[in-house]
Every structure is written in C-alpha cells, then in structure tokens.
Amino acid sequence: MDIWTAEKIILLGFLLKDVCCRDFSISLPQNIQALNGSCVIIKCRFEIQEQFDKDLTERATGQWFKDGTDVNNNLVFNSSTSSHNSLMKGNITGKLKDKDCTTVFHELRSDHSAQYYFRIEGEGGLKWTYSETSVSIHVIDSPTKPTVQLYVEQKEVQDQEEVFEGRSVSLRCSAETLCSSPPPTLTWSSTPRIPLSESSRLEELISDLNFTATHRQHRVTFTCTITYQLQDKNKTAQDNITLHVQYSPKNTSVSVLPSSSVLEGGSVTLTCSSDANPAVNYTWSRESEGQMEQLQTGDTLTFDRIDLKHRGWYYCTAQNQHGTQNSSVMLNIQYAPKNTSVSVSASSSVLEGGSVTLTCSSDANPAVTYTWSRESEGQMEQLQTGDNLTFDRIDLKHRGWYYCTAQNQHGTQNSSVMLNIQYAPKISPSSNCTRTDVTVCFCEADGNPSPELEWHLSGRPVTNSSNTFISEERLSSTGLRSSITLHQSLTHTSTLQCVSNNTHGTASHRFNLLHSTPQVSGFHHFSFWVGVAGGASVMMIICGISLICARRESNTRRDDGIELILADREDESGPDCANNAMLSPTGSVTQNHEELHYTFIDFTNTQPESEEIRGISSLTTDYAVVQHYPGGVSEAESSTGGDQPNSRIAAVVMSEKNQTVLEQEAKMGEVFSQQSEDTTYENINI
C-alpha cells in the first residue's frame, strides 16, 4: 500500500470520528459592542453529544451566566422564567431544539459589560454549561461611527485621490448596526435620511450617494451620520470624506479698482480671478488696431498714471491642463472736454438771406452738454442748449462771435466762431460832393467781402493824375470810403459816378455836381463862381454894347430867349453897388446918370439836358440882365415883354444854344442900350 492510500485512510478516520463522536461545543462572537440604554444581540449556536439528542425538545431552556458559571452567583438570565425576574431583560430568539441559542438583551447599562457563558438544559440528563467559550459584551455610551468609501467608475479609490470632472462618483456609507428600537438610520449631509430595510436592521447598514463629479463638488466634505433613537435622547456617530475634483477654469472675471471708470491721470489696478483645479496661469492682453496685443502674465495689471491711450478692452486668459477661459473689461477713462470746436454748415461765410447751422463737437467722457451764447454789447447773451444752433434766414443782425461751451462733471471748454454774413455792396446815402476852388466828392460803401470802389467820369474810369486825386480809407472790415478831387474843368455833359462791387453784386451812385453842397454854411460857392464869371462877362459885354448901341437901336428879342422876373426892388434910392461912372447909351461915360447894380446869378434851378455838370466854358452862353425902370411899370413891361406889370426891376435871362458870343453880346447890347435904366445885378436863383 502506497503512502497516498495511507493518508486517505487516516483522513477518513478523523472524519468518521467527528460524525460518530460528537461533543458539546458552542459558537459565539468573541466581542460585542452594545449601546448604553439600547439592546444587544448575541448570535449563538451550540452542539451536544449524540446521546442527548432525545433530550433536546421544545421544553429545553437556556441560561446565561455573567463573569462565571456558578449557578447561584453568576446566573443573570433563565429562559424558563420571566425576564422581569432576571437580572438582565431579554429573550432567546433562536429555537433551542434546532440548536440556535441567539439571544437579545434589552436596556443595557454600562455595568452589563462582562464575559457571558451559555448553559443548555433539556429533559433527562441534558444539562451542560459551555464554560470554555464565552462572549465579551462591552456597553458603550456612543455608537460606533460609520465608514465612508469613495468609488469612481465603480472602483474604490483613496479619499485623497482627485476625481476628474465629469466622472461617475459613488460615496458608500456603511455601519455595523447595534441593536436599537427603532432601528438606526444613515443620513448624508446633502440628502434626506435613508430608511432601513427590514433585512438591514439586524445586519450591516449601507447607504450609497451617486452623482457625476463637477467643479461644484470640489473640496466639498460629505458626511454620513448614523442616528440611534433611544428613550431619553438620540445618539449619533458620523464619518466624512472630502472630494477633490480637477476641472478647467470656471467663473473667470476681471475686477477693477477703484472702478472701471477712472479719471484721467489716476491709478488703476485690474485683477483677474478664476475657479479652477489645479490653479491657473493668467495672461493679460488688449485689443489694438484689430489685433490682440499680449501685455504680461500674473493675476494683476496696474497703471500708475492712466491716460487716454490706455482706454479700451482688456482681456484676461485663465489656463490649466484641463482648458482655458477668458474674461474682459472695458477700461473707461473719464476726462474733461477736449478739442472742442464749432463747425458751420457750408462755411462761416454765409450769404445774407440764406440758412446756416452751427454745430459744436467735443471729445469728453462722460458726454458733455452744449450751451450756445453770443457777445452782445460787451455782454455774453445765452441763446440755447444743444449741439446745433440754426438760423433759417440770416441777416446782418446775426453777424458776430458765437461761443459754444462744452461741460461735464470734470470741466468745461469753450470754442468760438465768427459768423461772417456776406452781402452785396451798399452805398451810403451820406455820399456827397463839396466845392471850393476844386470839386471834392466822397463815396462810402459797405459790403462783405469788402467791396472795391471805382470812379467813372463821363462813363470812363478815373485814376490818379495831375487833374485828379483819388484816396481810399478803410472804415471797417466791410466798409470803404473813397474821395476824389477834380482840378479839371467840367462841361455840362460831364457825369461823375461811384461804382462799388464784390463777388455778390454791384452798386453805383451818380453825383449831381450842380446840386453839390458848399463847404461853408450860408455861402454858395458854386453860385459865387458862376456870379463872378457872369459879372466879368457882363462888364465885357457892357463895354462891347456901348459901342454897338451907337449903331443899333433894335430892342427885339428872340422867341427862344427866357425871361424871368426875379425880384422887386422897393428902395430905389440906394444902389446895390454904387458906381461913380455909368455908361451912356452911346457908350460914353456919364456921371450918376444911371444907377448900376451888380449881382450874383445862380443857375441851380435850370434843368440841364442831362445830369452832367456844365463846365466853366458853358457859363458864357447864359446871361441875366436886371433893369431898373424909373419911368414906371409900363416901361418895364414894354421892355421885357411881360404880361403882368408887377415889377419895377426886371431881369432877362438870355439862353442861346447855338449863338456865337458876338451875337449874344449884341443882344445884350440892345437891352442895355435902352435909356433911363438903372441896371442892377443881384443874386438870382434860376
């Protein structure tokens, strides 16, 4: 027989011995914890010798001994008697006939902590104490804490390991249940209580918390609490775990101190923050001309003295190995108004009668309010507010300086514009001529642009020469005064005209030199010179007539002559101008035979064929004769041909258009050849 066969026989012998030779034995837990005031469950199974099987019936009883096996001193529980009569309250929940000695003790106290032994008694001779095996019961004041474990994707991991965002996570809380009524419960810090099923009350209590990991769970502590509801109070125990989740940057933002609206010249700090695990790196950049310009790294960006070049959008980029995220802020630089200006629609030079709009603009932050004003008589007159000032129909009263004031809470700035109203020239009514020994005329014109002045004599432009002197004087930016001095002789066809023009039109003024105003008040210079010329001519004519009258007796007059009774003479005794020698009708000199009177003759009332001034040479063609008739009115009437005998002194004005000087002198000789006449020359206005 080989060795393997021998081993098999020996092993079979041992097995048969255990079956055929059963002995007393018991199965008990070595240690049990029980909560003070609660209960304890002792799981128990026993074995007896085969010969006593017939004695193990329904009437079998179980007994428990504390810290010994003496029946008299250590017995604390007997199932055959009421638990009220026992030192420990409880009952055997197992069936002794089936060799199940599981027992429950209630209302444990701290002095119940001890070693406990079991004894079985049946009918006949079955009485056995299992003194070699005992259970240790330890009564505690607080329950044992539960255990929390972390599972990721159904795999257990250590609680310090980090979980990636988006992974499936399970937190399991387990606790060894102690006997209590009602049974204990497990609760999570973020969930309501989990009721225990019937099967879990006597065994291990388990609760699972399942979710998908996000950044919101990072560094969150999850706590599992077991609660025992006792008669006087609740007793709890707990365990916890802190979850570490790795994730990309979240909630990235930029803050500005003191604020994103910063006054020019101040300091400002931009700070970037982000929620991420692991920590991020920060990069600053700004938008410049459509491109991103990188500035620096770090969580802050500081400007010690800020100006307008710093305004704009700033970007912070937060980055770790799981991703990036950006945040931006607009740096708003506030400042007082700058570059304030006024623009005028079309241009600042506006034609009279047109419309114009003044527009004010300014560079400022925050936006400004505009106020319009104008200078009026040395004072500033406020007009209106708003960026536009409009005139629908402009005239000269609107010209002048206009001011725009731009204002915000940081300051003010002004701008002005001169509204230049352009218009065609206008010649002043005060333009006139004066005479001394020369003719001087003045012409004043006003226009915008400033006009030019020209003088035209008889239709031709006049320039400075030996006979003509022209000067100009600037009266204002729009006014011009020109004077002309004429040293030359003028004919009755001569015309003088002042012409003013600019880009918008032309104005002219024609001067009537015959009506020009003398320089000295009360003395008519033009009449004076006409009178002098006339008097000289008359003296020459008298001399000629004296010779002619000796041969001519005719008193006839031409029909085209002009006769005019000019004045009455009331005082015949006194001559207007006394002469000691008078001419006789024959041309000889007589003493005091006739009274000779001299006068000045003014032709200002004659109407020339045109507005021209007739020159000095033309004065010889007009004559005035004043006759004094001592014989009475009838002689005057017959001499002058007058129909109304109302004058004793008559003046005859001879106007010959096409006669020679000799013919005119002959006519005058005929007039003066009449006898008994006192010839008087007076100031005569015709």
Side-chain angles (χ1 to χ4, degrees), residues 349-354 376-377 393-400 419-464 468-488 490-530 602-615 685-686:
S349 297
V350 186
L351 186 61
E352 183 180 17
S376 177
E377 298 179 356
R393 183 175 181 83
I394 205 162
D395 55 32
L396 296 184
K397 71 180 181 182
H398 294 131
R399 61 183 169 183
L419 200 54
N420 185 22
I421 312 301
Q422 294 195 353
Y423 50 95
K426 301 175 183 180
I427 295 180
S428 172
S430 63
S431 301
N432 61 81
C433 291
T434 59
R435 283 195 322 276
T436 55
D437 53 344
V438 293
T439 301
V440 179
C441 295
F442 297 90
C443 184
E444 292 183 8
D446 183 70
N448 192 14
S450 182
E452 295 180 354
L453 282 176
E454 293 181 354
W455 293 94
H456 291 187
L457 184 61
S458 299
R460 294 182 179 181
V462 180
T463 59
N464 280 313
T468 306
F469 175 73
I470 299 174
S471 65
E472 288 186 351
E473 176 186 1
R474 178 68 59 187
L475 301 178
S476 65
S477 60
T478 59
L480 182 65
R481 182 181 185 185
S482 178
S483 65
I484 184 170
T485 304
L486 300 174
H487 296 276
Q488 66 195 63
L490 303 176
T491 66
H492 68 280
T493 60
S494 297
T495 59
L496 184 63
Q497 193 174 25
C498 171
V499 179
S500 176
N501 64 81
N502 65 8
T503 56
H504 299 300
T506 302
S508 64
H509 180 72
R510 179 172 294 180
F511 293 88
N512 188 350
L513 297 180
L514 290 178
H515 295 167
S516 58
T517 306
Q519 275 190 333
V520 180
S521 177
F523 189 75
H524 205 299
H525 289 276
F526 185 78
S527 300
F528 172 78
W529 289 110
V530 172
D602 191 349
F603 290 85
T604 57
N605 292 333
T606 60
Q607 298 297 325
E609 295 177 355
S610 67
E611 293 186 15
E612 303 174 3
I613 285 293
R614 289 176 288 180
N685 292 323
I686 301 176

Within the structure provided, determine whether [X] and [Y] are in side-chain contact (heavy-atom separation under 4.5 Å).
| X | Y | answer |
| --- | --- | --- |
| Thr468 | Leu486 | yes |
| Asn464 | Phe469 | yes |
| Leu496 | Thr439 | no |
| Ser471 | Arg481 | no |
| Arg474 | Leu480 | yes |

Problem - N/O donor-acceptor pair under 3.5 Å between Asn448 side chain and Ile421 backbone - result: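 Yes, because the side chain of Asn448 sits within donor-acceptor range (under 3.5 Å) of the backbone of Ile421.
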Handout entry: Exam field: side chain Asn502 to backbone Pro449, donor-acceptor pair closer than 3.5 Å
Key =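 Pair found, side chain donor or acceptor close to backbone of Pro449.
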Exercise for the section: Mind running side-chain hydrogen bond (donor to acceptor under 3.5 Å, both in side chains) on Asp395 and Tyr423 for me, showing each step along the way? Expected result: CA-CA 9 Å; Asp395 55 32; Tyr423 50 95; over 6 Å; no
Handout entry: Within 6.0 Å of CD in Glu452, more than 12 heavy atoms from elsewhere
Key =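 No, not enclosed.
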Handout entry: Residues, nucleotides or ligands: over 12 heavy atoms within 6.0 Å of Arg393 CZ
Key =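 No, because the 6.0 Å sphere around CZ of Arg393 holds 12 heavy atoms or fewer from other groups.
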Exercise for the section: Give the C-alpha distance, both sets of side-chain angles, the deciding distance and a yes or no for side chain to side chain contact (heavy atoms under 4.5 Å, CB included) between Trp455 and Cys498. Expected result: CA-CA 5 Å; Trp455 293 94; Cys498 171; 4.0 Å; yes
Exercise for the section: Over all heavy atoms of both residues, which pair between Gly505 and Pro425 is shortest? Give the atoms and the distance, please. Expected result: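 That closest heavy-atom pairing would be O-CD, 3.3 Å.
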Exercise for the section: Applying side chain to side chain contact (heavy atoms under 4.5 Å, CB included), run through Ser482 and Ile470 and close with a yes or a no. Expected result: CA-CA 7 Å; Ser482 178; Ile470 299 174; 3.8 Å; yes
